[in-house]
Number of protein chains: 2
Amino acid sequence: MPRLFTRGIYGILLPTKSGNETAPDTVRRDNGRITQMERPIFQPVGTPVEELDTPALVVDLEVMDRNIQTFQSYFKDTSVKARPVVTSHLCPQVARRQLDAGGTNGGIAVTTLGEAEVFAAAGFTDILLANLVVTRAKINRLCALAGQTSVGVAVDSPDNAEQLSQGAAAAGVELRVLVEIEAGMGRCGIAPGPDAVSLAQKVNNLPGLKFQGIMGSVPGPRGEDDPDQHRAKTTANLQVVLDAKEQIEQAGLPVETVSVGGTHCYAQAVGMAGVTEVRAGRYPLMDHRLKSFLPDLEPAAKVLASVISHPMEDMAVLDAGHKAMAPDQGRPILEGVPGGTASRFSAEHGVMELEGDARNKLNPGDKAWLVPYELGACVNQFDYIRATKDGKLEGFWPISARGKLA
Amino acid sequence: MPRLFTRGIYGILLPTKSGNETAPDTVRRDNGRITQMERPIFQPVGTPVEELDTPALVVDLEVMDRNIQTFQSYFKDTSVKARPVVTSHLCPQVARRQLDAGGTNGGIAVTTLGEAEVFAAAGFTDILLANLVVTRAKINRLCALAGQTSVGVAVDSPDNAEQLSQGAAAAGVELRVLVEIEAGMGRCGIAPGPDAVSLAQKVNNLPGLKFQGIMGSVPGPRGEDDPDQHRAKTTANLQVVLDAKEQIEQAGLPVETVSVGGTHCYAQAVGMAGVTEVRAGRYPLMDHRLKSFLPDLEPAAKVLASVISHPMEDMAVLDAGHKAMAPDQGRPILEGVPGGTASRFSAEHGVMELEGDARNKLNPGDKAWLVPYELGACVNQFDYIRATKDGKLEGFWPISARGKLA
């Protein structure tokens, strides 16, 4: 009988190679001498930022702290408070700075159950999972988490409310529930009207659930949107959520929380009576998409890349491609190289077009800075934020909730 | 003097909260009772695939093995051999099955130095880093790796050849070097002609470098391309690489290796005298982008998602968004739901448009299957492949080189 397994490196049993005429046995199956390096290579605090291995997601802490102060100060003298959406950065250290800066209600918002678990484990105690949780396995996880910390969740259908109630009752916990109102995103949520009122009443009557209020998400601007028109549209979308509040209260049910998002709608939201919290995620690190709409905030998160080739006068190639920049929704901005434009991306390569003086710049080995167009997609490509101050490394901050999609 | 730090959970020193009138102290700074669950939740072997937490990247091993057999059999009776590009799946277990199946030259190709390190640590001993390595820190890492296993690297400029030579000589190692020829990708590489010949000669003369040959990458088809036209274009692009070979050999330098990629060009490449290896990555798992061009291969990697809302008759929302599908270059295909189309994606949500009978399908809690348009971008979102057979879980396979961008 042939041996089916051999002892591989690390002592792991590996299938014995099948008969193979052409391929030499180049997978090392003996006790190899290669040990995997710790990745990333944790460079020492104080390392000049341009010596970091690339591509690297670099955050300037001073810019970030200024953004946090600026944005959260909008909420200091209002009854509306900010609830940081940590999904935008997935990093507990950033979230701590947000909660420490004032203007919040002390809670955070997440978008997946996996994110909620990560942030609960990191010590956060008021977590709104601003999304629907539907499958039995996930409802069980949600209820287990609710036994450890205070968790809120969204609901947009009576069936789902029943399921959450059964799970919570079985686990002996109480879930805070917000009815999700569709407010322009065209995805989840229930429209204002009798069905929404009836869903709120159902939640209020079901065991294990506490009807806390309603939530809505309103669409953010795209680069080509006119700011005035977008502001008017945002006000109209927020009014949809407030209409639902009025209807539910007219039916005799108090609506304690009216939660709206995201970052871009704060100015309208703080001026509309009835809104109690603004879920906002993008403001600490910012991105190019929101820059022209929120000129008081500056991009704090940028990708440091290296030029690996400059094969033609009008073109240089960076080591930051799709997998670093995630340019699904817009191309990143090449900073500090007038005449240079980020024009095309393949998986691991970014092609910069160069005009005029830029043709003499970006030679192999040079560094370049790219501002992501869409923050969340870019952050989600990396395992660590390289936190910097005055151009020097302050630390590697784990993006702990990256990839916690489930 | 105020206390600057308090003892946080896990005994980690945390900055003491600054004065803050509005935010209650909801970051738990005492010895919390929350322990983070192991993520992902490793379900037992034999779990029915539809019970996996979603979104999940699921690979059908039988389809994958059939794809590997089919594709690699094209190389069995030719002098051209396949070199699997593991960048497409980033998973050592998949790569092992490729090298075990025949038709390869026993080596693999990677695209980043981080990937090379991961696969070297996993026991692979012939690794072509089919990309440029430019910065001093990375050249040092490359040379350290070359002291442990056989490593090849691309070069497209004389300066870079000098740098590699200095690094290799200082480390006392030899780097196999392929001159990269630009063959239609419009990014890195040198055009055939006197400069390419001179670069090959330079590499051949520099200490620490072994001139092994040349490599080129030719553009793959897009969904809208005409197959016949694309095949003709591919042949022309491959001829560019062969022209460079002829020129270098006419100058008296033997070109041992002519390496071309990727998966889509195999049929042309095996028929063109002079090509020695085809770098191909997408064929084991496949994707929608290549399906119509390689009809003998079937998608083996799909994303399992759950319906979280069906708020309107003609629309359902899945828990697989941008962060699961990475639909930068094309939308995924919704399988098994005639009349259903994957139409829009936000970060964590995928919106399916439903027509006809599909309006009664995809209710909350139902499962749905999405075939990624672009394999590499999708795989790169996940930490594990859920390997399955006959609809049951066979194991969690680490996507070990995910995020190893640097």
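In what follows, chains are A, B, ... by sequence order, proteins preceding strands, each numbered from 1.
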Within-4.5 Å side-chain heavy-atom neighbours: B:Met312 and A:Glu182: no

Shortest non-hydrogen pair, B:Gln381 vs A:Leu405, comes out as O-CD1, 4.2 Å

What residue, out of A:Ala56, A:Cys188, A:Ala347, A:Ser306, has the most heavy-atom pairs lying under 4.5 Å from chain B? A:Cys188

Hey, could you give me the CG/CG distance between B:Asn380 and A:Asn380, rounded to the nearest 0.5 Å? 9.5 Å

Relative to chain A, which segment of B:Met185 carries a heavy atom at a distance below 4.5 Å: side chain, backbone, both, or neither? backbone

Contact origin within A:Ala377 toward chain B - heavy atom pairs under 4.5 Å: neither

Under a 4.5 Å cutoff for heavy-atom pairs, which residue among B:Ala326, B:Gly186, B:Pro92, B:Ala144 has the most contacts with chain A? B:Gly186

Under 4.5 Å from a heavy atom of chain A, the part of B:Asn160 involved: neither

Side chain, backbone, both or neither: which part of B:Ile308 has a non-hydrogen atom closer than 4.5 Å to chain A? both

Region of B:Ala320 in contact with chain A, defined by heavy-atom distances below 4.5 Å: neither

Chain A contact via B:Arg344 - side chain, backbone, both or neither, heavy atoms under 4.5 Å: side chain

Looking only at non-hydrogen atoms, find the nearest pair between A:Lys138 and B:Thr54 and report the distance. NZ-O, 2.6 Å

Nearest 0.5 Å, please: how far is CG in B:Leu132 from OG in A:Ser309? 5.5 Å

A:Thr135 versus B:Glu51: any side-chain heavy-atom pair under 4.5 Å? no

Picking from A:Val134, A:Thr112, A:Val133, which has the most non-hydrogen pairs under 4.5 angstrom with chain B? A:Val134

Please rank B:Arg136, B:Arg187, B:Glu180 by heavy-atom pairs under 4.5 Å with chain A and give me the top one. B:Arg187

Of the backbone (N, CA, C, O) and the side chain (C-beta and beyond), which part of A:Asn131 lies under 4.5 Å from a heavy atom of chain B, both, or neither? side chain

Under 4.5 Å from any heavy atom of chain A - which part of B:Glu348: side chain

Shortest non-hydrogen contact from A:Asp53 to B:Ala406? CB-CB, 4.2 Å

Nearest heavy-atom pair of B:Pro311 and A:Gly189: which atoms, and what distance? CB-O, 3.6 Å

With a 4.5 angstrom heavy-atom cut-off, which part of B:Asp159 approaches chain A: side chain, backbone, both or neither? neither

Spell out, as yes or no, whether a donor-acceptor pair under 3.5 Å connects the side chain of B:Lys323 to the backbone of A:Gly376. no

Side chain / backbone / both / neither for B:Glu374 at chain A, heavy atoms under 4.5 Å: neither

